[in-house]
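Have a look at the structure below, then the notes.
Indexing begins at 1, ligand by ligand and atom by atom, following the structure's order.
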Amino acid sequence: MARKTLIAGNWKMNGRLADGVDLAKGIAAEVKKLGKPSCEFLVCPPFTILSSVKKALRGAKVALGAQDCHFAEKGAHTGDISPLMLTDLGCSYVILGHSERRADHFESNELVNKKAVAAHQAGLKTVICIGETLEQRDAGKTIAVCSDQILGSVPDDSTAADTVIAYEPVWAIGTGKTPTASDVEEVHAAVRKVLAKKLGKGNANKMRILYGGSVKPSNAKEFLSLPDVDGALIGGASLKVEDFMAIAKNSGC
Ligand code: 13P
């Protein structure tokens, strides 16, 4: 089953207006040079510059995503952003359940699930993040934790068309440490099995599972050539045009 590789940048809380626009313009120019890229590109800037980044990406095959949303359509939720507000800004994706939100904002699987339901209803595709802490890994619980997160965070009616999974071991994020390629493949294959049970084999075989955590140009090929790795969710290295594009090129895009 051919799954189109997704090269996604999670800018996190980085990017003031001027540098975010520069970064987006740089990426747009490079992606345009690829002509008809074999991969799909996605950038997820902070809320504050979504609209400006959208303009900077004009004419380039680069999708726009946000890093979170609320589950309600509108209402008394001070400081929150609804899925429909994101579609107004030209977003087609939203990242949900990133480990930084699970940790900093106490987001549970149930909450991530509710947000994903709302995002899908609004026509957004979701990138639902899972991944174990170092403590869980050392206790041999990686697959159990990731399976629980899939079962709890992914809505029951999700499809390969509206959902992407990102496996990001918490201890690999921003640390320069990564699991071995065989560890990554083991988790991705296990996740696909859980998805098959939950959503049916057809969806599971078509659903993209990204790897995230210290992805850089030098290790991209190793991870992205694994049979069950269908792209990357890139943090730090997505903030430099050259690194982001080198990851794409080294992944065969
Ligand atoms: P780094 O690539 O900086 O390790 O971040 C990964 C990540 O959290 C992407 O969502």
Ligand 1 versus Ser238: contacting region, heavy-atom distance under 4.0 Å: neither
Element-labelled atoms of ligand 1 that are located less than 4.0 Å from some non-hydrogen atom of Ser214: 1 (P), 2 (O), 4 (O)
Taking atom 3 (O) of ligand 1 as the reference point, the nearest protein heavy atom with its distance: Gly236 N, 2.8 Å
Atoms in ligand 1 with a heavy atom of Leu233 nearer than 4.0 Å: 9 (C), 10 (O)
Contact atoms of ligand 1, heavy-atom distance to Gly213 under 4.0 Å: 4 (O), 6 (C)
Atoms in ligand 1 flagged as close to Glu168, the criterion being non-hydrogen separation under 4.0 Å: 6 (C), 7 (C), 8 (O), 9 (C), 10 (O)
Result of checking Lys115, Glu110, Arg102, Glu107 against Ser153 for side chain to side chain donor-acceptor pair (under 3.5 Å): Arg102
contact_flag Lys12 ligand 1 heavy-atom lt 4.0 Å: yes
For Leu17 against Ile49, the heavy-atom pair lying closest together: CA-CG2, 3.7 Å
Lys32, NZ: over 12 other non-hydrogen atoms inside 6.0 angstrom: yes
Residue pair Thr175, Ser214: steps toward the side chain to side chain contact (heavy atoms under 4.5 Å, CB included) verdict: CA-CA 7 Å; Thr175 59; Ser214 296; 3.9 Å; yes
Heteroatom proximity flag, Glu100 to ligand 1, N/O under 3.5 Å: no
Working for side chain to side chain contact (heavy atoms under 4.5 Å, CB included), residues Glu185 and Tyr211: CA-CA 10 Å; Glu185 176 56 23; Tyr211 169 74; over 6 Å; no
Ligand-side contact atoms (ligand 1) for residue partner Gly174, heavy atom cut-off under 4.0 Å: 1 (P), 3 (O), 4 (O)
For Val164 against Tyr93, the heavy-atom pair lying closest together: CG2-CE2, 4.2 Å
Whether Ala237 lies under 4.0 Å from ligand 1, heavy atom: no
Step-by-step side chain to side chain contact (heavy atoms under 4.5 Å, CB included) determination, Leu124 to Cys91: CA-CA 7 Å; Leu124 289 167; Cys91 288; 4.1 Å; yes
CG-CH2 distance between Asp19 and Trp11, expressed to the nearest 0.5 angstrom: 9.0 Å
Proximity to ligand 1 by part of Ile173, non-hydrogen separation under 4.0 Å: both
Numbered atoms and elements of ligand 1 in range of Ala172, under 4.0 angstrom, heavy atoms: 4 (O)
Top protein contact for atom 2 (O) of ligand 1, by heavy-atom distance: Gly235 N, 2.9 Å
Residues, nucleotides or ligands: over 12 heavy atoms within 6.0 Å of Lys198 NZ: yes
Gly212 near ligand 1 by a heavy-atom separation under 4.0 Å: no
